[in-house]
Amino acid sequence: MAFSVVSKLLSQRKLDLLDELVSAEVLQVLKEKLSLLPDNHRDALAADIDAIMYTTEGDVRIYYDDDGRKFVSILMRFWYLNGANLPDEVPGETKVFQIVFGDESTKEKRHLLTANYEFQREFTEGAKPDWTITRIEHPRLLE
């Protein structure tokens, strides 16, 4: 759910609404990248919850910082369909689907895109139980 909400806010450039969800470092990088992004690539960042085709965890880590605080970090990979107006030859894209609704004259093209989001939470006793996104990658779109 967080991936869908955050990806939509990114595509709408509503970064001020991400303060509580995304780390300050990642937000700063996103501000710079989004300002240079063409509209069609920005539109392709949005993932509707019903358009997420597959998710898998890429890496799960438990670690301690220098002060002895305990953290868990989970890297999630998402594959989602998006109807943004992207060229067929987007490098690194998994596949371009053409879905036909109704008759042959009405075709809706969907792109199967990938994204990597890393979620981190502190598990030290007494810490707030909030997850923070510490990495956002949309390969070939947000670089």
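- Tyr64 is linked by a side-chain hydrogen bond (donor to acceptor under 3.5 Å, both in side chains) to nothing, counting only residues two or more places apart in sequence or in another chain.
- For Glu25, the side-chain contact (heavy atoms from CB on, under 4.5 Å) criterion is met by Ser23, not counting sequence neighbours.
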Indicate every side-chain donor-acceptor pair of residues 26-38 with a distance under 3.5 Å to a residue at least two apart or in another chain.
residue: Gln28; atom: NE2; partner: Glu32; partner atom: OE2; Å: 3.4
residue: Ser35; atom: OG; partner: Glu32; partner atom: O; Å: 2.7

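- The aromatic ring centroids of His138 and Tyr117 lie less than 6.0 Å from each other.
- When the side-chain contact (heavy atoms from CB on, under 4.5 Å) test is applied to Arg13, the partners found at least two apart in sequence or on another chain are Asp39, Arg42.
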Show me the donor-acceptor pairs within less than 3.5 Å that the side chains of residues 1-9 make with the rest of the protein, sequence neighbours left out.
residue: Ser4; atom: OG; partner: Ala47; partner atom: O; Å: 2.6
residue: Ser4; atom: OG; partner: Ile49; partner atom: N; Å: 3.3
residue: Ser7; atom: OG; partner: Phe3; partner atom: O; Å: 3.0
residue: Ser7; atom: OG; partner: Ser4; partner atom: O; Å: 3.0
residue: Ser7; atom: OG; partner: Ala47; partner atom: N; Å: 3.0
residue: Lys8; atom: NZ; partner: Asp48; partner atom: OD1; Å: 3.2

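- Applying the side-chain contact (heavy atoms from CB on, under 4.5 Å) criterion to Arg121, with sequence neighbours excluded, gives Phe123, Pro129, Trp131.
- Side-chain contact, Thr134 with Glu118: a donor N or O sits under 3.5 Å from an acceptor N or O.
- Remark: Asp65 pairs with Asp67, Arg69, Phe71 by the side-chain contact (heavy atoms from CB on, under 4.5 Å) rule, at least two apart or across chains.
- Partners of Lys128 under the salt bridge (charged side-chain N to carboxylate O under 4.0 Å, His left out) rule, at least two apart in sequence or in another chain, are Asp130.
- Counting side-chain heavy-atom gaps under 4.5 Å among Ile, Leu, Val, Met, Phe, Trp and Tyr, Leu75 is found in no cluster with other residues.
- Taking Thr55 as the reference, nothing meets the side-chain hydrogen bond (donor to acceptor under 3.5 Å, both in side chains) condition, with sequence neighbours excluded.
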